[in-house]
Amino acid sequence: ELVAADSETARHLRQARGMRSCTLENVRQRATSVYASYAPLQFLRYWTELWRTYEDCMGGRACDVDREQHRLTTAAHMVAPRQKYLAPRPTKRLRLSAAAAVAAATPR
């Protein structure tokens, strides 16, 4: 599974992960190395992290905050503090739960 490799990914890796040398030229390589340990759910992990930083900026879950707060997730307002993301410790139960979550979210 691939992780997005665009300017938003580079911004997220620089701000939330502290990878100051992440650029548009090396973002795919950086994202691949950061999220490799989450295989096969790399994109899901990236997307979850990204939305958590958005919701931190808005002050709550996107579905619960005032619509005016949504503008805070634009690049002009995004200053995400560096997060302490831990490497996963996959267990059989975690892998089954994650697979079930993906299966449940997949349209049929």
Side-chain angles (χ1 to χ4, degrees):
E1 186 172 303
L2 295 176
V3 175
D6 55 14
S7 60
E8 184 63 1
T9 305
R11 183 209 56 79
H12 175 72
L13 292 176
R14 282 192 305 268
Q15 290 184 346
R17 289 252 181 188
M19 301 180 81
R20 299 288 176 224
S21 61
C22 186
T23 65
L24 288 177
E25 290 76 30
N26 66 13
V27 66
R28 182 171 305 282
Q29 176 188 359
R30 297 289 181 144
T32 299
S33 67
V34 166
Y35 297 104
S37 60
Y38 297 97
L41 304 172
Q42 302 96 311
F43 185 78
L44 184 61
R45 175 59 188 193
Y46 162 72
W47 196 246
T48 302
E49 281 183 17
L50 189 63
W51 267 100
R52 284 183 180 161
T53 61
Y54 290 165
E55 290 176 335
D56 287 347
C57 288
M58 289 187 286
R61 292 178 45 202
C63 60
D64 295 335
V65 299
D66 180 34
R67 286 182 168 205
E68 289 298 311
Q69 297 297 88
H70 288 203
R71 69 179 171 73
L72 297 177
T73 62
T74 61
H77 295 94
M78 282 299 286
V79 179
R82 184 172 180 191
Q83 304 295 315
K84 293 185 179 183
Y85 296 112
L86 302 175
R89 289 185 175 178
T91 63
K92 185 175 182 180
R93 184 177 196 179
L94 175 64
R95 278 187 238 124
L96 291 175
S97 298
V102 170
T106 306
R108 297 175 187 197

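Computed from a prediction, not measured in an experiment: that's the story for all the values here.
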Next on the checklist: If the condition is side chain to side chain contact (heavy atoms under 4.5 Å, CB included), which residues does Thr48 pass it with, not counting sequence neighbours?
Outcome noted: Leu44, Arg52
How far does [atom1] of [X] sit from [atom2] of [Y], to the nearest 0.5 angstrom?
| X | Y | atom1 | atom2 | value |
| --- | --- | --- | --- | --- |
| Thr9 | Arg30 | OG1 | CZ | 14.0 Å |
| Tyr54 | Glu8 | OH | CD | 3.5 Å |
| Gln15 | Arg20 | CD | CZ | 7.5 Å |

Minimum heavy-atom distance [X]-[Y], with the two atoms named:
| X | Y | answer |
| --- | --- | --- |
| Met19 | Arg14 | O-CG, 3.2 Å |
| Gln42 | Tyr35 | CG-O, 3.0 Å |
| Ser37 | Val34 | OG-O, 4.2 Å |
| Val27 | Ala10 | CG2-N, 3.6 Å |
| His12 | Thr53 | CE1-CG2, 3.8 Å |

Next on the checklist: In terms of relative ring orientation, are Tyr46 and Phe43 parallel, tilted or perpendicular, with 30° and 60° separating the classes?
Outcome noted: tilted
Checklist entry - Applying the 4.5 Å side-chain criterion to the ILVMFWY set and letting contacts propagate, would Trp47 and Leu13 be lumped into a single cluster? => result yes
